[in-house]
Amino acid sequence: MNEEQLKIELEKRFGYSDFKPGQVQPILSILEGKNTLATLPTGTGKSLIYQLSGYLLEGIVIIISPLLSLMQDQVAQLKYMGEKRTAALNSMLTAEEKQFLLARVHKMKFLFLSPEMLQNNAVMARLKQSKIALFVVDEAHCISQWGLDFRSDYLSLGKSREALGNPLTLAVTATATPKVRQDILRSLNLSPEAVAVFEGAVNRDNIYYKTVAVQPEDKNAVLLDVIKAYPTPGIIYFSSKAQADAVTHLIKQKTDLRAESYHADRSNEDRITIQHQFLQDELDIICATSAFGMGINKPNIRFVLHYHMPNSIEEYVQEVGRAGRDGNPCIAILFYAATDASFKLRMLQNDFPSEALIEQTVSSKKMAVEYATPTEETLLTYILQNNLSSTEAKAFVENRLNLKKEMLFKMKDYAETNRCKREIIAHYFGKEFDEKPEFCCSSCGDEEPYMERFRPARDAFSKKVQDGWGKIVSDLFLL
DNA sequence: CGAGCATCTCTTAGGAGATGCTCGGTGCCCTAAT
């Protein structure tokens, strides 16, 4: 199959006349039977890659997805397009529903599962009987980001894949450093030579990167100035749920902006409502923890502000990348206080098991559960499962901690540097950096001229809020 | 790699100084017994 024929299929199945950049090559690669890793910016239609390929291959497409809400969205989207042979197999189903679904797996075309579900014997037994066209790992960076200290079942994907007879595999994610790509391939038991890798661009020309040094006690005041000056909608990221709530309250008190907080303590209903309102432009600002954002595709986000710095540059880039999907100017603002970095470093070290605990665990061959942090628990479980010796275990933990520290230090460097922010990001992702946009970052030049470009967007948005003209007005002004 | 607050200690009644505690975020999965 060549590109022209693919276009015909695209038109036929989805009604699109052409592909978005970066979609064709991974599809062709899959259809040639090659395991494929594709890193594409979000919003470029990653799901179309497995959907179209899936239709052109015989058998069922299994999609490993990190979040229940993402599965729901994807199933809804497929059903909306008229595809009935799709379902999500997860804990939202009753036991009976699960059995019913499992019994007719062979009639499915697209089946969504969490990595945890693959640990279920009944599920695996059923999948083994099915002809698997394609094994897809969506948001594959979760393997690297969560596998070792949060959701360890992400590390077992390779074993599950093997148990399923090493089906043709596609891993997709928005951002992956060389290290993350390596983690993904290793976890999936894919040797680098046997995988076709496609990388999209990391650089986002329409984002202006800005860092502001702010003492913790001044953050709120500076924040209020910032959100009054910049056009909305925007996201403010926090590393504390309580602070996200507190600042939401402050914004409501001190401004006319419509704000809500979003984090794991909010009920499912609230989270759905808030996300929906934000997508519909019924909220100006979301104050969120890292719980917010995966799978969100809102084109007109004008700023992403970090009240605390994240743990790594990849997290930062992922969160900041949610701004300006429409291609219009937007800004990423990072509040930085040296104490934020030291605090995060200390927490990181606290999370990891001590040498004594490692030795105790290895020699007793069982977990000392009472005092374990989630990270300790995950790491120690891994050590026990893989039967590491005390020396190996200590080296393993130290290595992992050092990696995390290093990521944090690089984030700190990014925050503190006077060098070009864009360049640092590019290099971090292993990219050459060639062309600087006119308005680059706070190290390269003043934002004031860039702000001029914001003004139409801001005026359009406030107009829209005032007289409820909706999209027409804002679209006109954004052109 | 700090900072703010609460409690403790000493020694004798109001307070100084020391010590301890606390400060973080991501999500799957239905295991049990009335």
Among B/dC30, B/dG25, B/dG27, the one nearest any side-chain atom of A/Leu67 is B/dG27

Given the options A/Arg266, A/Lys241, A/His249, A/Ser261 meets side chain to side chain donor-acceptor pair (under 3.5 Å) only with A/Arg266

P spacing across the pair B/dG20 / B/dG14, given as an integer number of angstrom: 28 Å

Margin query: Just to be sure I understand the rule, does A/Arg266 reach a base, reach only the sugar-phosphate, or reach nothing, if contact means heavy atoms closer than 4.0 Å?
Written below: nothing

**Ring center gap for A/Tyr414 and A/Tyr428 short of 6.0 angstrom** = no

Determine the Euclidean distance between corresponding C1' atoms of B/dC28 and B/dC21; express it in Å to zero decimal places. 33 Å

| said: Say we look at B/dT12 and B/dA16: how far apart would their C1' atoms be, to the nearest angstrom? | reply: 14 Å

Using Watson-Crick geometry (N1-N3 plus N6-O4 or O6-N4) or G-U wobble (N1-O2, O6-N3), each under 3.5 Å, B/dA32 is paired with none

I'd like to know if the side chain of A/Ser144 pairs up with that of A/Asp183 as donor and acceptor (distance under 3.5 Å, no hydrogens or angles considered). yes

Between NE2 of A/His263 and P of B/dG27 the distance, given in whole Å, is 12 Å

- Ring centres under 6.0 angstrom apart (A/Tyr55, A/Phe110): yes

The nucleotide from B/dG25, B/dC28, B/dC23 with an atom nearest the side chain of A/Phe343 is B/dC23

Under 4.0 Å between any heavy atoms, over every strand shown, what does A/His308 touch: base, sugar-phosphate, or nothing? Just pick one.
nothing

Against the side chain of A/Arg346, the closest entry in B/dG2, B/dC29, B/dG25 is B/dG2

Item to complete: Considering just the side-chain nitrogens and oxygens of A/Arg271, establish if one lies under 4.0 Å of OP1 or OP2 belonging to B/dG27.
Response: yes

Closest to the side chain of A/Ala264, out of B/dT26, B/dC30, B/dG25, is B/dT26

query: Given B/dC29, is OP1 or OP2 found less than 4.0 Å from the side-chain N or O atoms of A/Ser114?
result: yes

Whole-Å distance, A/Glu139 CD to B/dG27 C1', equals 14 Å

Practice item. Pick base, sugar-phosphate or nothing for A/Lys344, based on heavy-atom distances below 4.0 Å to the nucleic acid. Key: nothing

Checking A/Lys421, A/Met411, A/His308 against A/Leu334 for side chain to side chain contact (heavy atoms under 4.5 Å, CB included), the one that qualifies is A/Met411

Using a 4.0 Å heavy-atom cut-off across all strands, classify A/Pro66 as base, sugar-phosphate, or nothing. sugar-phosphate

Judged by whether its glycosidic angle lies within 90° of 0, B/dT7 is anti

Across every strand shown, the nucleotide meeting Watson-Crick or G-U wobble geometry with B/dC23 (both distances under 3.5 Å) is B/dG2

Look at all strands and tell whether A/Asn90 reaches a base, only sugar-phosphate, or nothing, counting heavy atoms closer than 4.0 Å. sugar-phosphate

Here the distance between atom P of B/dG27 and atom CG of A/Leu118, to the nearest Å, is 19 Å

Picking from B/dG25, B/dG27, B/dC28, the nucleotide nearest the side-chain atoms of A/Leu68 would be B/dC28

| said: Taking only side-chain N and O atoms of A/Ser239, does any of them lie within less than 4.0 angstrom of OP1 or OP2 on B/dG25? | reply: no

Handout entry: Centroid distance under 5.5 Å and plane angle under 30°, A/Phe150 vs B/dT26
Key = yes

Phosphate OP1/OP2 of B/dG25 contacted by A/Ser290 side-chain N/O (<4.0 Å)
no

| query | Quick one: are A/Asp340 and A/Lys219 in side-chain contact, heavy atoms under 4.5 Å? | reply | yes

Under a 3.5 Å cutoff, is there a donor and acceptor pairing between the side chains of A/His106 and A/Arg126?
yes

Sequence neighbours excluded, the answer for ring pair (Phe, Tyr, Trp, His ring centres under 6.0 Å) partners of A/Tyr237 is A/His306

Under 4.0 Å between any heavy atoms, over every strand shown, what does A/Lys98 touch: base, sugar-phosphate, or nothing? Just pick one.
sugar-phosphate

* Give A/Met294 one of three labels, base, sugar-phosphate or nothing, depending on what nucleic acid heavy atoms sit under 4.0 Å from its own. => nothing

A/Lys404 NZ to B/dT26 P, in whole Å, measures 14 Å

Whole-Å distance, A/Glu377 CD to B/dG27 C1', equals 14 Å

In whole angstroms, the gap separating P of B/dT26 from CZ of A/Arg322 amounts to 13 Å

If the P atom of B/dC29 is compared with that of B/dC23, how far apart are they to the nearest Å? 30 Å

Mate of B/dT11 across any strand shown (Watson-Crick or G-U wobble, both atom pairs under 3.5 Å) is none

A/Phe238 atom CZ is separated from B/dC23 atom C1', nearest whole Å, by 16 Å

Margin query: Distance check, C1' atoms only: B/dA13 and B/dT9, in whole angstrom units.
Written below: 15 Å

(Q) I'd like the P distance from B/dT11 over to B/dC5, given in whole Å. (A) 29 Å

Taken to the nearest whole Å, CD/A/Gln243 to P/B/dC23 is 13 Å

